[in-house]
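Just below is one structure, and these are the notes that go with it.
Every chain is numbered from 1, with letters handed out A, B, ... down the list of sequences. In what follows, every heavy atom counts, from backbone to side chain, and hydrogens, waters and symmetry copies are set aside. If you're wondering where the values come from, they're calculated on a predicted model, not measured in any experiment.
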Protein chains: 2
Amino acid sequence: MFLTPKQEKVLNFIRKRVGERLPPTIREIGEDLGFKSTGTVRDYLKALMQKGLVRRMNNKSRSIELTQRASFNKIPIIGTIMAGKPNLAYEEIQGYVDADDLFLGRLGFDDVFALRVKGDSMIDAGILDGDVAIIKKRPDANNNDIVAALLDNNEVTLKRLRSKAGKFHLEAANANYPPIFEEFKVIGKLITVIRKY
Amino acid sequence: MFLTPKQEKVLNFIRKRVGERLPPTIREIGEDLGFKSTGTVRDYLKALMQKGLVRRMNNKSRSIELTQRASFNKIPIIGTIMAGKPNLAYEEIQGYVDADDLFLGRLGFDDVFALRVKGDSMIDAGILDGDVAIIKKRPDANNNDIVAALLDNNEVTLKRLRSKAGKFHLEAANANYPPIFEEFKVIGKLITVIRKY
DNA sequence: TGACATACCACACATTTGTGTGGTACCATA
DNA sequence: TATGGTACCACACAAATGTGTGGTATGTCA
(Lines give C-alpha, C1' and ligand atoms only; values in the text may rest on other atoms or scores of the structure.)
Protein backbone atom coordinates (compact mmCIF):
# COMPACT_ATOMS: atom_id res chain seq x y z
CA MET A 1 0.00 0.00 0.00
CA PHE A 2 1.68 3.14 -1.17
CA LEU A 3 1.21 5.93 -3.62
CA THR A 4 -0.31 5.57 -7.02
CA PRO A 5 1.67 7.25 -9.79
CA LYS A 6 -0.82 10.09 -9.99
CA GLN A 7 -0.79 10.64 -6.28
CA GLU A 8 2.97 10.73 -6.45
CA LYS A 9 2.78 13.43 -9.08
CA VAL A 10 0.48 15.54 -6.98
CA LEU A 11 2.75 15.11 -4.00
CA ASN A 12 5.79 16.05 -6.03
CA PHE A 13 4.15 19.17 -7.29
CA ILE A 14 3.34 20.15 -3.72
CA ARG A 15 6.91 19.41 -2.68
CA LYS A 16 8.21 21.54 -5.46
CA ARG A 17 6.04 24.49 -4.60
CA VAL A 18 6.63 24.24 -0.89
CA GLY A 19 10.32 24.05 -1.56
CA GLU A 20 10.28 26.97 -3.91
CA ARG A 21 8.17 29.37 -1.95
CA LEU A 22 4.49 29.02 -1.40
CA PRO A 23 2.32 26.00 -1.01
CA PRO A 24 -0.07 25.92 -3.95
CA THR A 25 -3.79 26.54 -3.93
CA ILE A 26 -6.10 23.76 -4.96
CA ARG A 27 -6.65 25.36 -8.32
CA GLU A 28 -2.95 25.80 -8.89
CA ILE A 29 -2.46 22.11 -8.37
CA GLY A 30 -5.26 21.36 -10.78
CA GLU A 31 -3.86 23.64 -13.41
CA ASP A 32 -0.42 22.15 -13.25
CA LEU A 33 -1.55 18.56 -13.42
CA GLY A 34 -4.28 19.21 -15.93
CA PHE A 35 -7.30 18.64 -13.74
CA LYS A 36 -10.34 20.61 -14.69
CA SER A 37 -12.17 20.24 -11.43
CA THR A 38 -11.21 21.39 -7.98
CA GLY A 39 -13.06 18.37 -6.73
CA THR A 40 -10.49 16.12 -8.34
CA VAL A 41 -7.69 17.84 -6.58
CA ARG A 42 -9.51 17.58 -3.30
CA ASP A 43 -9.89 13.88 -3.86
CA TYR A 44 -6.14 13.60 -4.19
CA LEU A 45 -5.51 15.72 -1.16
CA LYS A 46 -7.87 13.55 0.80
CA ALA A 47 -5.94 10.48 -0.27
CA LEU A 48 -2.61 12.04 0.64
CA MET A 49 -3.97 13.07 3.99
CA GLN A 50 -5.23 9.59 4.71
CA LYS A 51 -1.80 8.26 3.93
CA GLY A 52 -0.33 10.71 6.38
CA LEU A 53 1.76 12.66 3.93
CA VAL A 54 -0.04 15.94 4.01
CA ARG A 55 -1.85 18.12 6.51
CA ARG A 56 -4.24 20.98 5.96
CA MET A 57 -6.26 23.58 7.76
CA ASN A 58 -9.85 24.33 7.00
CA ASN A 59 -10.68 27.37 4.99
CA LYS A 60 -7.12 28.58 4.96
CA SER A 61 -5.59 29.36 1.62
CA ARG A 62 -2.36 27.60 0.77
CA SER A 63 -2.40 25.73 4.03
CA ILE A 64 -1.09 22.45 2.67
CA GLU A 65 1.74 21.19 4.81
CA LEU A 66 4.02 18.27 4.21
CA THR A 67 4.37 15.92 7.13
CA GLN A 68 7.77 14.92 8.38
CA ARG A 69 7.68 11.88 6.24
CA ALA A 70 6.95 13.67 3.00
CA SER A 71 9.04 16.71 3.65
CA PHE A 72 11.11 17.95 0.79
CA ASN A 73 14.11 19.28 2.57
CA LYS A 74 15.68 15.94 2.91
CA ILE A 75 19.02 14.88 1.66
CA PRO A 76 19.54 11.19 1.27
CA ILE A 77 22.23 9.62 3.35
CA ILE A 78 23.63 7.22 0.88
CA GLY A 79 26.14 5.60 3.08
CA THR A 80 28.62 6.15 5.74
CA ILE A 81 31.85 7.28 4.34
CA MET A 82 34.74 4.83 4.62
CA ALA A 83 32.44 1.86 4.67
CA GLY A 84 29.58 0.33 2.86
CA LYS A 85 28.81 0.22 -0.78
CA PRO A 86 26.68 3.19 -1.54
CA ASN A 87 24.81 3.20 -4.76
CA LEU A 88 24.84 6.61 -6.29
CA ALA A 89 21.65 6.00 -8.13
CA TYR A 90 20.00 6.54 -4.75
CA GLU A 91 18.86 2.98 -4.61
CA GLU A 92 20.41 2.18 -1.33
CA ILE A 93 19.34 5.17 0.61
CA GLN A 94 19.80 4.43 4.26
CA GLY A 95 17.78 7.26 5.55
CA TYR A 96 17.24 10.92 5.33
CA VAL A 97 18.67 13.97 6.90
CA ASP A 98 16.31 16.82 7.20
CA ALA A 99 18.20 19.74 5.79
CA ASP A 100 16.55 22.26 8.05
CA ASP A 101 17.08 20.04 10.96
CA LEU A 102 20.65 19.42 10.10
CA PHE A 103 21.25 23.05 9.99
CA LEU A 104 19.42 24.70 12.82
CA GLY A 105 16.93 22.21 14.01
CA ARG A 106 13.70 23.54 15.26
CA LEU A 107 15.24 26.45 17.03
CA GLY A 108 13.84 29.83 16.54
CA PHE A 109 16.22 32.35 15.19
CA ASP A 110 15.81 34.69 18.07
CA ASP A 111 18.38 33.17 20.29
CA VAL A 112 20.76 31.97 17.65
CA PHE A 113 23.59 33.80 16.05
CA ALA A 114 26.71 33.04 14.10
CA LEU A 115 30.35 33.76 14.62
CA ARG A 116 33.03 33.25 12.10
CA VAL A 117 35.90 31.47 13.70
CA LYS A 118 39.28 33.05 13.51
CA GLY A 119 42.44 31.42 14.62
CA ASP A 120 43.44 27.91 15.44
CA SER A 121 42.78 27.64 19.13
CA MET A 122 40.12 24.96 18.62
CA ILE A 123 41.82 23.10 15.87
CA ASP A 124 42.05 19.85 17.77
CA ALA A 125 38.28 19.92 18.09
CA GLY A 126 38.04 20.15 14.33
CA ILE A 127 37.06 23.79 14.32
CA LEU A 128 39.12 25.65 11.80
CA ASP A 129 39.83 29.21 10.88
CA GLY A 130 36.98 30.46 8.74
CA ASP A 131 34.35 28.05 9.97
CA VAL A 132 30.99 29.45 10.93
CA ALA A 133 30.00 28.66 14.47
CA ILE A 134 26.30 28.68 15.25
CA ILE A 135 25.76 29.69 18.82
CA LYS A 136 22.66 29.44 20.90
CA LYS A 137 22.10 32.06 23.52
CA ARG A 138 20.45 31.52 26.88
CA PRO A 139 23.03 28.98 27.75
CA ASP A 140 22.41 25.89 29.71
CA ALA A 141 26.00 25.05 29.14
CA ASN A 142 27.57 22.19 30.96
CA ASN A 143 30.98 20.87 31.60
CA ASN A 144 32.73 19.93 28.35
CA ASP A 145 30.43 21.94 26.16
CA ILE A 146 32.08 24.22 23.69
CA VAL A 147 30.93 27.73 24.44
CA ALA A 148 31.33 31.27 23.26
CA ALA A 149 32.52 33.25 26.23
CA LEU A 150 32.97 36.91 26.87
CA LEU A 151 36.24 37.72 28.57
CA ASP A 152 37.05 40.64 30.79
CA ASN A 153 38.88 42.45 28.03
CA ASN A 154 35.70 42.34 25.99
CA GLU A 155 36.90 39.66 23.66
CA VAL A 156 34.71 36.81 22.66
CA THR A 157 36.30 33.43 22.41
CA LEU A 158 35.26 29.94 21.55
CA LYS A 159 36.50 27.43 24.08
CA ARG A 160 35.61 24.30 25.89
CA LEU A 161 34.02 24.79 29.27
CA ARG A 162 35.60 22.80 32.07
CA SER A 163 34.85 22.50 35.70
CA LYS A 164 37.43 21.61 38.26
CA ALA A 165 36.66 21.52 41.94
CA GLY A 166 33.39 23.32 41.38
CA LYS A 167 34.96 26.13 39.43
CA PHE A 168 34.69 26.70 35.72
CA HIS A 169 37.46 27.61 33.38
CA LEU A 170 38.02 27.58 29.64
CA GLU A 171 40.24 25.33 27.63
CA ALA A 172 41.47 25.63 24.08
CA ALA A 173 41.72 22.58 21.88
CA ASN A 174 45.30 23.31 20.96
CA ALA A 175 48.28 22.65 23.14
CA ASN A 176 49.78 26.01 22.23
CA TYR A 177 47.08 27.85 24.14
CA PRO A 178 46.99 27.81 27.93
CA PRO A 179 43.71 27.39 29.79
CA ILE A 180 41.91 30.55 30.79
CA PHE A 181 41.19 31.02 34.45
CA GLU A 182 40.22 34.66 34.43
CA GLU A 183 36.68 35.93 34.73
CA PHE A 184 34.36 35.17 31.86
CA LYS A 185 30.71 35.02 31.01
CA VAL A 186 29.24 32.28 28.89
CA ILE A 187 27.16 33.90 26.21
CA GLY A 188 26.15 30.84 24.34
CA LYS A 189 26.72 27.28 23.48
CA LEU A 190 28.05 25.92 20.23
CA ILE A 191 25.38 23.92 18.49
CA THR A 192 26.62 23.63 14.96
CA VAL A 193 29.71 24.13 12.90
CA ILE A 194 29.50 24.76 9.20
CA ARG A 195 32.38 24.85 6.83
CA LYS A 196 32.09 25.68 3.16
CA TYR A 197 34.75 24.66 0.68
CA MET B 1 16.08 56.89 6.10
CA PHE B 2 15.20 53.56 7.58
CA LEU B 3 12.38 51.78 9.25
CA THR B 4 10.05 53.32 11.78
CA PRO B 5 9.44 51.16 14.85
CA LYS B 6 6.01 50.18 13.64
CA GLN B 7 7.26 49.27 10.22
CA GLU B 8 9.91 47.19 11.89
CA LYS B 9 7.23 45.35 13.81
CA VAL B 10 5.28 44.59 10.70
CA LEU B 11 8.42 43.36 8.99
CA ASN B 12 9.31 41.20 11.93
CA PHE B 13 5.90 39.62 11.97
CA ILE B 14 6.26 38.81 8.29
CA ARG B 15 9.71 37.39 8.92
CA LYS B 16 8.38 35.24 11.68
CA ARG B 17 5.55 33.85 9.60
CA VAL B 18 7.66 33.30 6.54
CA GLY B 19 10.20 31.52 8.68
CA GLU B 20 7.62 29.41 10.41
CA ARG B 21 5.61 28.31 7.46
CA LEU B 22 3.31 30.51 5.50
CA PRO B 23 3.52 34.15 4.64
CA PRO B 24 0.58 35.86 6.32
CA THR B 25 -2.47 37.35 4.70
CA ILE B 26 -3.10 41.04 5.06
CA ARG B 27 -5.76 40.42 7.64
CA GLU B 28 -3.54 38.12 9.62
CA ILE B 29 -0.97 40.86 9.86
CA GLY B 30 -3.62 43.29 10.98
CA GLU B 31 -4.92 40.94 13.64
CA ASP B 32 -1.53 40.32 15.09
CA LEU B 33 -0.51 43.93 15.27
CA GLY B 34 -3.91 45.17 16.32
CA PHE B 35 -4.90 47.00 13.18
CA LYS B 36 -8.58 47.13 12.53
CA SER B 37 -8.37 48.04 8.88
CA THR B 38 -6.86 46.14 6.04
CA GLY B 39 -6.06 49.50 4.55
CA THR B 40 -3.64 50.19 7.36
CA VAL B 41 -1.77 47.03 6.69
CA ARG B 42 -1.63 47.83 3.01
CA ASP B 43 -0.15 51.20 3.84
CA TYR B 44 2.62 49.44 5.74
CA LEU B 45 3.21 46.97 2.98
CA LYS B 46 3.45 49.81 0.53
CA ALA B 47 6.05 51.48 2.70
CA LEU B 48 8.04 48.27 3.03
CA MET B 49 7.88 47.74 -0.69
CA GLN B 50 9.11 51.22 -1.39
CA LYS B 51 12.01 50.60 0.90
CA GLY B 52 12.79 47.49 -1.03
CA LEU B 53 12.28 45.02 1.77
CA VAL B 54 9.24 43.24 0.51
CA ARG B 55 7.79 42.08 -2.77
CA ARG B 56 4.28 41.02 -3.65
CA MET B 57 2.18 39.70 -6.46
CA ASN B 58 -1.17 41.12 -7.36
CA ASN B 59 -4.26 39.24 -6.33
CA LYS B 60 -2.30 36.33 -4.96
CA SER B 61 -3.00 35.28 -1.45
CA ARG B 62 -0.05 35.13 0.91
CA SER B 63 2.29 36.30 -1.79
CA ILE B 64 4.41 38.50 0.40
CA GLU B 65 8.06 37.80 -0.20
CA LEU B 66 11.06 39.09 1.67
CA THR B 67 13.76 40.51 -0.53
CA GLN B 68 17.33 39.41 -0.16
CA ARG B 69 17.99 42.26 2.13
CA ALA B 70 15.14 41.56 4.49
CA SER B 71 15.24 37.83 4.24
CA PHE B 72 14.68 36.03 7.41
CA ASN B 73 17.04 33.21 6.83
CA LYS B 74 19.87 35.33 7.83
CA ILE B 75 21.89 34.94 10.89
CA PRO B 76 23.74 37.98 12.02
CA ILE B 77 27.48 37.72 12.16
CA ILE B 78 28.10 39.58 15.31
CA GLY B 79 31.81 39.38 15.27
CA THR B 80 34.68 37.21 14.48
CA ILE B 81 35.43 34.96 17.29
CA MET B 82 38.68 35.61 19.16
CA ALA B 83 38.66 39.24 18.24
CA GLY B 84 36.49 42.27 18.29
CA LYS B 85 33.94 43.36 20.76
CA PRO B 86 30.64 42.01 19.61
CA ASN B 87 27.56 43.46 21.11
CA LEU B 88 25.04 40.81 21.79
CA ALA B 89 22.17 43.21 21.51
CA TYR B 90 22.77 42.91 17.79
CA GLU B 91 23.84 46.48 17.55
CA GLU B 92 27.14 45.82 15.96
CA ILE B 93 26.11 43.41 13.35
CA GLN B 94 28.86 43.15 10.79
CA GLY B 95 26.91 41.42 8.16
CA TYR B 96 24.64 38.57 7.48
CA VAL B 97 25.00 34.99 6.57
CA ASP B 98 22.21 33.60 4.54
CA ALA B 99 21.27 30.43 6.26
CA ASP B 100 20.20 28.69 3.11
CA ASP B 101 23.27 29.84 1.39
CA LEU B 102 25.47 28.80 4.21
CA PHE B 103 24.03 25.42 4.05
CA LEU B 104 23.61 24.41 0.47
CA GLY B 105 23.87 27.53 -1.50
CA ARG B 106 21.75 27.77 -4.55
CA LEU B 107 22.39 24.23 -5.58
CA GLY B 108 19.54 22.09 -6.52
CA PHE B 109 19.13 18.96 -4.56
CA ASP B 110 19.56 16.71 -7.51
CA ASP B 111 23.28 16.51 -7.55
CA VAL B 112 23.89 16.87 -3.87
CA PHE B 113 23.94 14.20 -1.27
CA ALA B 114 25.18 13.70 2.22
CA LEU B 115 27.53 11.24 3.80
CA ARG B 116 28.08 10.80 7.44
CA VAL B 117 31.76 10.68 8.14
CA LYS B 118 33.08 7.71 9.96
CA GLY B 119 36.60 7.40 11.21
CA ASP B 120 39.42 9.78 11.78
CA SER B 121 41.28 9.71 8.51
CA MET B 122 40.54 13.37 7.82
CA ILE B 123 40.94 14.61 11.32
CA ASP B 124 43.78 16.96 10.48
CA ALA B 125 41.49 18.68 8.02
CA GLY B 126 39.03 19.23 10.83
CA ILE B 127 36.62 16.59 9.64
CA LEU B 128 35.59 14.42 12.52
CA ASP B 129 33.79 11.19 13.04
CA GLY B 130 30.08 11.86 12.89
CA ASP B 131 30.25 14.99 10.79
CA VAL B 132 27.92 15.26 7.85
CA ALA B 133 29.70 15.80 4.57
CA ILE B 134 27.72 17.45 1.80
CA ILE B 135 28.97 16.22 -1.53
CA LYS B 136 28.26 17.57 -4.94
CA LYS B 137 28.18 15.17 -7.82
CA ARG B 138 29.32 15.90 -11.33
CA PRO B 139 32.77 16.60 -10.11
CA ASP B 140 35.02 19.23 -11.50
CA ALA B 141 37.44 18.30 -8.81
CA ASN B 142 40.92 19.71 -8.84
CA ASN B 143 44.16 19.10 -7.12
CA ASN B 144 43.84 19.61 -3.38
CA ASP B 145 40.08 19.36 -3.32
CA ILE B 146 38.61 17.03 -0.79
CA VAL B 147 36.60 14.46 -2.65
CA ALA B 148 34.46 11.42 -2.10
CA ALA B 149 36.03 8.64 -4.09
CA LEU B 150 34.95 5.17 -4.97
CA LEU B 151 37.69 2.60 -4.56
CA ASP B 152 38.10 -0.65 -6.34
CA ASN B 153 36.80 -2.64 -3.43
CA ASN B 154 33.58 -0.67 -3.63
CA GLU B 155 34.30 1.44 -0.62
CA VAL B 156 33.68 5.13 -0.60
CA THR B 157 36.17 7.30 1.11
CA LEU B 158 36.67 10.96 1.79
CA LYS B 159 40.17 12.09 0.93
CA ARG B 160 42.17 14.88 -0.48
CA LEU B 161 42.87 14.68 -4.18
CA ARG B 162 46.52 15.14 -5.11
CA SER B 163 48.29 15.15 -8.40
CA LYS B 164 51.89 14.26 -8.77
CA ALA B 165 53.59 14.09 -12.11
CA GLY B 166 50.27 14.21 -13.89
CA LYS B 167 48.81 11.35 -11.92
CA PHE B 168 46.18 11.61 -9.22
CA HIS B 169 46.18 9.89 -5.91
CA LEU B 170 44.36 10.27 -2.60
CA GLU B 171 45.71 11.47 0.69
CA ALA B 172 44.30 11.21 4.15
CA ALA B 173 44.65 14.09 6.57
CA ASN B 174 46.06 11.90 9.26
CA ALA B 175 49.63 10.64 9.39
CA ASN B 176 48.44 7.19 10.40
CA TYR B 177 46.92 6.59 7.00
CA PRO B 178 49.08 6.04 3.95
CA PRO B 179 48.24 7.67 0.64
CA ILE B 180 46.13 5.66 -1.75
CA PHE B 181 47.59 4.97 -5.16
CA GLU B 182 45.18 2.33 -6.35
CA GLU B 183 42.43 2.89 -8.87
CA PHE B 184 39.60 5.16 -7.81
CA LYS B 185 36.81 7.19 -9.24
CA VAL B 186 35.91 10.61 -7.95
CA ILE B 187 32.20 10.67 -7.31
CA GLY B 188 31.90 14.10 -5.87
CA LYS B 189 33.49 17.02 -4.25
CA LEU B 190 33.13 18.11 -0.68
CA ILE B 191 31.32 21.41 -0.52
CA THR B 192 30.21 21.67 3.07
CA VAL B 193 30.80 20.10 6.42
CA ILE B 194 28.21 20.29 9.14
CA ARG B 195 28.66 19.24 12.68
CA LYS B 196 25.95 19.27 15.31
CA TYR B 197 26.73 19.28 18.99
C1' DT C 1 -23.04 -9.49 -8.60
C1' DG C 2 -21.91 -5.99 -4.96
C1' DA C 3 -18.63 -3.22 -2.66
C1' DC C 4 -14.88 -0.35 -2.92
C1' DA C 5 -10.95 2.26 -4.65
C1' DT C 6 -9.15 5.07 -8.34
C1' DA C 7 -9.85 8.69 -11.46
C1' DC C 8 -12.04 12.12 -13.07
C1' DC C 9 -15.89 16.43 -14.19
C1' DA C 10 -19.44 20.25 -13.46
C1' DC C 11 -21.09 23.61 -10.81
C1' DA C 12 -22.98 26.23 -6.94
C1' DC C 13 -21.86 28.37 -2.82
C1' DA C 14 -19.33 30.12 1.27
C1' DT C 15 -15.39 32.13 2.95
C1' DT C 16 -11.18 34.24 2.66
C1' DT C 17 -8.36 37.41 0.80
C1' DG C 18 -6.90 41.33 -1.93
C1' DT C 19 -8.18 46.06 -3.80
C1' DG C 20 -9.55 50.68 -3.56
C1' DT C 21 -11.66 55.00 -2.10
C1' DG C 22 -12.23 58.30 1.21
C1' DG C 23 -11.75 59.87 5.58
C1' DT C 24 -9.32 61.77 10.39
C1' DA C 25 -5.33 63.22 13.02
C1' DC C 26 -0.64 64.50 14.11
C1' DC C 27 3.81 66.35 13.19
C1' DA C 28 7.73 68.18 10.72
C1' DT C 29 9.68 70.93 7.20
C1' DA C 30 9.72 74.38 3.46
C1' DT D 1 0.43 78.12 4.99
C1' DA D 2 1.07 74.19 2.10
C1' DT D 3 3.11 69.80 1.33
C1' DG D 4 4.22 65.39 2.67
C1' DG D 5 5.08 61.56 5.67
C1' DT D 6 3.34 58.62 9.43
C1' DA D 7 -0.46 56.42 11.50
C1' DC D 8 -4.60 54.95 11.55
C1' DC D 9 -10.18 53.56 10.38
C1' DA D 10 -14.54 52.21 7.77
C1' DC D 11 -16.48 50.03 4.25
C1' DA D 12 -17.68 48.31 -0.33
C1' DC D 13 -16.33 45.43 -3.87
C1' DA D 14 -13.80 42.07 -6.70
C1' DA D 15 -11.14 38.18 -7.10
C1' DA D 16 -9.23 34.15 -5.36
C1' DT D 17 -9.80 30.15 -2.83
C1' DG D 18 -11.95 26.41 -0.23
C1' DT D 19 -16.19 23.41 0.36
C1' DG D 20 -19.60 20.27 -1.01
C1' DT D 21 -22.90 17.60 -3.73
C1' DG D 22 -23.74 14.75 -7.34
C1' DG D 23 -22.37 12.78 -11.34
C1' DT D 24 -19.62 9.16 -14.93
C1' DA D 25 -16.36 5.53 -15.87
C1' DT D 26 -12.97 1.85 -14.97
C1' DG D 27 -10.99 -1.90 -12.61
C1' DT D 28 -10.32 -5.25 -8.77
C1' DC D 29 -11.47 -8.32 -5.24
C1' DA D 30 -14.67 -11.43 -2.84
Side-chain angles (χ1 to χ4, degrees), chain A residues 1-67 69-70 72, chain B residues 1-67 69-70 72:
Chain A
M1 175 279 203
F2 219 42
L3 294 183
T4 68
K6 297 274 190 149
Q7 290 173 355
E8 182 98 36
K9 274 188 185 171
V10 173
L11 182 61
N12 279 335
F13 177 68
I14 296 170
R15 280 190 176 121
K16 185 178 151 214
R17 282 302 195 80
V18 169
E20 280 173 10
R21 268 199 35 71
L22 276 179
T25 64
I26 287 176
R27 280 170 183 81
E28 284 172 354
I29 297 174
E31 264 172 58
D32 189 84
L33 304 211
F35 298 134
K36 284 174 188 158
S37 168
T38 55
T40 304
V41 178
R42 282 165 61 78
D43 286 347
Y44 278 105
L45 291 182
K46 206 183 294 174
L48 291 176
M49 284 172 70
Q50 275 166 0
K51 295 186 179 179
L53 297 165
V54 147
R55 247 192 315 277
R56 295 180 67 226
M57 284 159 83
N58 286 347
N59 298 318
K60 282 251 159 272
S61 68
R62 303 180 188 277
S63 63
I64 303 177
E65 236 181 317
L66 295 168
T67 60
R69 175 182 203 180
F72 183 69
Chain B
M1 176 276 202
F2 219 44
L3 293 184
T4 67
K6 296 275 190 151
Q7 290 173 353
E8 182 98 36
K9 275 187 184 173
V10 173
L11 182 60
N12 279 335
F13 178 69
I14 296 170
R15 280 190 176 122
K16 186 178 152 212
R17 282 305 194 79
V18 169
E20 280 173 9
R21 268 199 34 70
L22 274 179
T25 63
I26 287 177
R27 280 170 183 82
E28 284 172 354
I29 296 173
E31 265 172 56
D32 189 83
L33 305 212
F35 299 134
K36 285 173 187 159
S37 168
T38 55
T40 304
V41 178
R42 281 163 62 79
D43 286 347
Y44 277 105
L45 290 181
K46 206 184 293 175
L48 291 176
M49 284 173 70
Q50 275 165 1
K51 295 186 178 179
L53 297 165
V54 147
R55 246 193 316 274
R56 294 180 67 225
M57 284 159 84
N58 286 346
N59 299 318
K60 281 250 158 274
S61 68
R62 303 180 189 277
S63 64
I64 302 176
E65 236 180 317
L66 296 168
T67 60
R69 174 182 204 181
F72 184 70

| field | Atom pair distance, as rounded to whole Å: CG in B:Leu22 and P in C:dT17 | value | 10 Å
| task | Could you tell me the separation between the CZ atom of B:Arg17 and the P atom of C:dT17, rounded to a whole number of Å? | result | 10 Å
| query | When the distance from CG of B:Asp43 to C1' of D:dC11 is rounded to whole Å, what number comes out? | reply | 15 Å
| Closest approach of A:Gly52 and A:Thr67, non-hydrogen atoms and distance? | O-OG1, 2.8 Å
| query | So, is A:Tyr44 close to the C:dC8 phosphate, meaning a side-chain N or O under 4.0 Å from OP1 or OP2? | reply | yes
| request: Take atom CZ of B:Phe35 and atom P of D:dC11, then tell me their distance rounded to the nearest Å. | output: 19 Å
| query | Does B:Thr38 reach the main-chain N or O of B:Arg27 with its side chain, forming a donor-acceptor pair under 3.5 Å? | reply | no
| query | Do the side chain of B:Glu28 and the main chain of B:Thr25 share a donor and acceptor less than 3.5 angstrom apart? | reply | yes
| CD1 on B:Ile14 to CG on B:Asp32, rounded to 0.5 Å | 10.5 Å
| request: Could you check how far CD of B:Gln50 sits from P of D:dG4, rounded to whole Å? | output: 14 Å
| request: Give the rounded distance in Å between these two atoms: CG of A:Leu48 and C1' of C:dA7. | output: 14 Å
| message | Nearest whole Å is fine: how far is D:dA7 C1' from B:Lys36 NZ? | response | 14 Å
| Roughly, in whole Å, what's the span from CD1 in B:Ile29 to P in C:dT19? | 12 Å
Are there any protein N/O atoms within less than 3.5 Å of an N/O atom in nucleotides 15-21 of chain D, and if so, which ones and at what distance?
unit_1 : atom_1 : unit_2  : atom_2 : d
D:dT17 : OP1    : A:Arg62 : NH2    : 2.9
D:dT17 : OP1    : B:Ser61 : OG     : 3.4
D:dG18 : OP1    : A:Arg62 : N      : 2.8
D:dG18 : OP2    : A:Ile26 : N      : 2.8
D:dG18 : O3'    : A:Asn59 : N      : 3.3
D:dG18 : N7     : A:Arg27 : NH1    : 2.7
D:dG18 : N7     : A:Arg27 : NH2    : 3.4
D:dG18 : O6     : A:Arg27 : NH2    : 2.7
D:dT19 : OP1    : A:Asn59 : N      : 3.1
D:dT19 : OP2    : A:Arg42 : NH1    : 2.7
D:dT19 : OP2    : A:Arg56 : NH1    : 3.4
D:dT19 : OP2    : A:Arg56 : NH2    : 3.0
D:dT19 : O5'    : A:Arg42 : NH1    : 3.4
D:dT19 : O4     : A:Thr38 : OG1    : 3.3

| task | Select one nucleotide: of D:dT6, C:dT6, D:dC8, the one nearest the side-chain heavy atoms of B:Thr40. | result | D:dC8
| Any donor and acceptor pair, going by atom type alone, linking the side chain of B:Gln7 with main-chain N or O of B:Thr4 inside 3.5 Å? | yes
| query | In this structure, which one of B:Glu31, B:Arg62, B:Arg56 forms a side chain to side chain contact (heavy atoms under 4.5 Å, CB included) with B:Ile26? | reply | B:Arg56
